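Below is one structure; the comments refer to it alone.
Predicted, not measured: the structure shown is a model, and the values here were computed from it. Throughout, a chain's letter reflects where its sequence line sits, starting with A, and its residues are numbered from 1.
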Amino acid sequence: MAKPAPNLMDKIVSLCKRRGFVFAASEIYGGQGSTYDWGPLGVELKRRVKEAWWESMVYARQDVVGIDSAIIQSPEVWRASGHVGGFSDPLIDNKTSKQRYRADHLVEAKIEKYRKKGKMDKVQELTEKLNTAIADNAALKQLIVDEGIKCPVSGTDDWTDVRQFNLMFETHVGALQDSASVAYLRPETAQGIFINFNNVVTATRKKLPFGIAQIGKSFRNEITPGNFVFRTREFEQMEMEFFCRPEDAPRWYSYWQEQRYQWYLDLGVTPEKLRMREHAQDELAHYAAGCGDVEYLFPFGWSELEGVANRTDYDLKKHSEASGTSLTWFDQEANEHVSPFVIEPAAGCDRTAMTFLVDAYDEEGDGKEQRVVLRFHPKIAPVTVAVFPLVKKEGMPEKAAEIEAMLRPYFRTAMEENQSIGRRYRRQDEIGTPFCLTVDGESAVDGCVTLRERDSMAQQRVPIANLVAVLQNSIVAWQRPQPAEIVS
RNA sequence: GCGGCUGUAGCUCAGUGGUAGAGCGCCACCUUGCCAAGGUGGCUGUCGUGAGUUCAAAUCUCAUCAGCCGCUCCA
């Protein structure tokens with residue numbers, strides 16, 4: 001029987017391991033589920049992603065500043081934000097069908113049944129019961145039993161107990177592991193921004209509208225991680241909270257959706273595999289008045305890269321109430337306090353890096369002649385330019401080393417002198433290096449090297465003295481190759 | 001967490017009770033004069049982990065860990 005061809009994700013996972021982009025974590029101890037370490041090339045890719053994001057969100061603008069807040073904040077932060085109470089799901093399993101359900105969703109489905117039958121008194125009664133039982137596992141279980149709710153799959157009422165899955169990781173601060181010292185690893189970077197609102201306003205004298213950006217690790221005890229680095233329990237976020245007047249929020253909401261969508265296109269992501277998807281009303285988080293996702297078509301389907309949400313004034317108000325510190329902005333001209341609305345573009349760094357890997361992956365030809373190439377935008381490629389001696393003699397390796405040293409302050413460089421020139425080109429193609437330079441016998445005479453471009457494999461002679469400028473121009477001018485231009 | 005499938009070299013995999021293998025890759029030397037050439041030599045494995053059955057286990061049994069696909073969640 002013919003073996004099924006390995007799918008795209010398998011090929012990418014394998015390439016990531018082999019070439020040093022991503023490794024399974026704790027591998028020598030048998031692995032740790034769904035955790036990954038970024039290798040020498042992967043860390044460069046991720047750094048480039050973060051640099052490109054910061055460049056576009058902070059450096060390219062006058063209305064956004066950055067911060068780097070603590071991962072472990074006061075537990076009060078997460079109580080006020082609703083994460084301690086609300087960031088957990090009551091789950092229940094049916095022992096016969098082995099299906100798992102959200103316990104509250106089962107009750108809601110029952111309420112919906114009553115509504116359709118017009119039994120509005122039952123609707124009201126059960127809704128109230130659900131509201132009081134929602135935080136109490138035993139009461140929720142009792143409600144399901146009392147209502148005679150059966151598993152939609154097996155039709156039995158053979159239920160397990162209700163268990164809470166809180167998505168926040170707990171830890172202990174200080175020497176004693178008692179409940180008083182419980183702390184949480186942040187499940188999002190956003191709250192660190194909200195609680196510093198006054199500090200940033202005072203320190204930077206920013207006026208509405210303005211934004212605060214942050215890149216950092218967040219932690220969620222996901223029930224189902226998976227799809228390689230797409231969903232992991234420890235992940236890096238790139239978030240920006242943009243504060244504006246409530247009446248301007250809809251406009252900024254659209255603005256940031258467009259900006260963020262365009263960012264991926266500018267870095268070369270295939271337009272046909274990128275879309276904005278507006279959330280339906282019942283999908284919205286408790287704090288949001290609107291949310292649109294930037295989605296990418298992965299081999300496993302359309303998946304969210306980034307959410308752009310209108311968080312309203314929910315967070316600042318909650319923290320104002322809970323802390324007793326008013327988090328508002330004072331408008332001198334109108335002589336009034338404004339409670340700003342927040343537009344939040346929140347992206348996942350690891351999954352964005354993975355998007356670039358998946359989107360850049362290409363194969364040309366087949367069998368022995370096959371060329372695997374990562375068509376990264378030169379701005380995010382881990383190595384920008386590799387330098388080779390055509391052969392290992394006549395001073396070519398020394399000249400190549402000299403050129404590599406000359407370029408090192410300007411670009412991420414690499415040098416290779418082993419094996420044939422063709423093989424070295426292929427190796428660089430596979431890690432997405434956009435430019436290769438080859439020193440040959442003529443170089444000592446004419447002061448030129450061959451510049452070979454990754455996507456077209458086209459070559460040109462370039463004077464060594466002009467290399468920095470030529471490469472810098474080529475990086476800026478790079479465009480994603482159209483299918484017709486790709487040599488196959 | 002539950003169900004189904006899977007785990008052998010860096011990667012892809014063969015090996016169904018009897019001496020652990022192939023291709024690719026990697027390293028050294030020679031060769032090589034612009035797109036995965038060739039020669040010679042070399043490196044690499046607790047057969048995921050632990051226990052059991054057996055004269056003998058990569059192979060059979062149990063447990064455990066990890067991965068993939070489904071169910072609930074999300075950046």
Side-chain angles (χ1 to χ4, degrees), chain A residues 3 5-7 9-11 13-20 23-35 87-106 153 160 163 165 167 187-190 218 220-228 230-233 235-239 283 285 293-294 300 303-309 344-352 364-365 367-372 388-394 396 418-430 436 438-442 449-450 452 454 457-459 487:
Chain A
K3 273 174 272 180
N7 70 35
M9 276 316 297
D10 290 340
K11 287 179 183 177
V13 170
S14 159
L15 187 153
C16 281
K17 169 84 188 288
R18 195 157 33 83
R19 301 306 307 269
F23 306 123
S26 302
E27 204 178 16
I28 64 169
Y29 289 105
Q32 167 79 5
S34 290
T35 45
F87 207 57
S88 65
D89 299 322
L91 299 180
I92 190 166
D93 294 336
N94 183 270
K95 291 177 193 166
T96 311
S97 67
K98 309 293 185 192
Q99 293 293 305
R100 168 167 294 175
Y101 302 93
R102 284 269 301 266
D104 51 331
H105 286 183
L106 286 173
V153 173
T160 64
R163 287 160 301 164
F165 271 76
L167 299 179
E188 62 174 20
T189 61
S218 291
R220 288 180 198 176
N221 198 3
E222 297 285 351
I223 305 159
T224 311
N227 285 326
F228 197 39
F230 184 80
R231 180 176 301 134
T232 53
R233 296 193 172 96
F235 58 103
E236 206 156 6
Q237 290 189 302
M238 306 185 290
E239 295 195 300
E283 263 185 288
D293 288 345
V294 180
F300 47 84
S303 300
E304 178 186 355
L305 291 183
E306 169 161 0
V308 180
E344 172 196 76
C349 179
D350 308 82
R351 56 177 60 172
T352 299
E364 290 175 356
K368 265 296 203 203
E369 295 299 308
Q370 191 183 60
R371 185 168 87 112
V372 172
F388 311 140
L390 184 57
V391 290
K392 262 199 276 188
K393 58 185 184 189
E394 291 167 22
M396 292 181 216
N418 279 333
Q419 297 171 316
S420 74
I421 187 73
R423 180 180 296 257
R424 282 176 275 164
Y425 284 145
R426 290 295 202 270
R427 268 206 292 250
Q428 293 298 323
D429 288 341
E430 201 185 33
C436 293
T438 300
V439 175
D440 59 23
E442 289 296 299
V449 292
T450 302
R452 181 262 197 188
R454 176 195 65 205
M457 295 195 285
Q459 301 188 344
V487 183

With respect to the side chain of Arg18(A), which nucleotide from G10(B), U32(B), A75(B) is positioned closest?
G10(B)

Assign each of Glu306(A) and Phe228(A) the nucleotide of RNA chain B bearing its closest heavy atom; nearer the 5' end lies the nucleotide of Phe228(A)

If you find the nucleotide of RNA chain B closest to Glu394(A) and the one closest to Thr35(A), which residue's nucleotide is nearer the 5' end?
Glu394(A)

Give a yes/no answer on whether the side chain of Ser34(A) brings an N or O atom under 4.0 Å of OP1 or OP2 in G67(B).
yes

Using side chain to side chain contact (heavy atoms under 4.5 Å, CB included) as the criterion, list what pairs up with Glu304(A), not counting sequence neighbours.
Asp293(A), Arg351(A)

From the options C11(B), A75(B), G33(B), select the nucleotide whose nearest atom is closest to the side chain of Met396(A).
G33(B)

Taking only Lys NZ, Arg NE, NH1 and NH2, and the carboxylate oxygens of Asp or Glu, determine whether Arg371(A) and Asp429(A) approach each other closer than 4.0 Å.
yes

Out of A75(B), G33(B), A36(B), which has the shortest distance to the side chain of Arg220(A)?
A75(B)

Hydrogens and angles aside, do Gln237(A) and Ser218(A) bring a side-chain donor and acceptor to less than 3.5 Å of each other?
yes

In the strands shown, is G45(B) matched to any nucleotide by a Watson-Crick or G-U wobble pair with both distances under 3.5 Å, and which?
none

Side chain Arg452(A) and base C34(B) donor-acceptor under 3.5 Å
no

Check for me: is Tyr425(A) stacked on A36(B) by the 5.5 Å centroid and 30° plane-angle rule?
no

Thr352(A) OG1 to Met238(A) CE distance, which is reported to the nearest 0.5 Å:
4.0 Å

Scan nucleotides 26-31 of chain B against the protein and return all N/O pairs shorter than 3.5 Å with their distances rounded to 0.1 Å.
from: C26(B); atom 1: OP1; to: Arg427(A); atom 2: NH1; distance (Å): 2.3
from: A28(B); atom 1: OP2; to: Asn418(A); atom 2: ND2; distance (Å): 3.3

Polar side-chain contact Asp10(A)-C68(B) base: donor and acceptor under 3.5 Å:
no

Nearest to the side chain of Thr438(A), which nucleotide is it out of C34(B), A75(B), C11(B)?
C34(B)

Which one, G33(B), C34(B), A36(B), comes nearest to the side chain of Arg426(A)?
A36(B)

Before you tell me yes or no, could you show the steps for Ser303(A) and Phe230(A) under side chain to side chain contact (heavy atoms under 4.5 Å, CB included), namely the whole-Å CA-CA distance, both residues' side-chain angles and the distance that decides it to 0.1 Å?
CA-CA 9 Å; Ser303(A) 300; Phe230(A) 184 80; 3.3 Å; yes

Can Glu239(A) and Thr189(A) be counted as having a side-chain donor-acceptor contact under 3.5 angstrom?
yes

Out of U32(B), C35(B), C11(B), which nucleotide sits closest to the side chain of Lys17(A)?
C11(B)

Taking only side-chain nitrogens and oxygens of Asn227(A), does any of them come within less than 4.0 Å of OP1 or OP2 of C69(B)?
yes

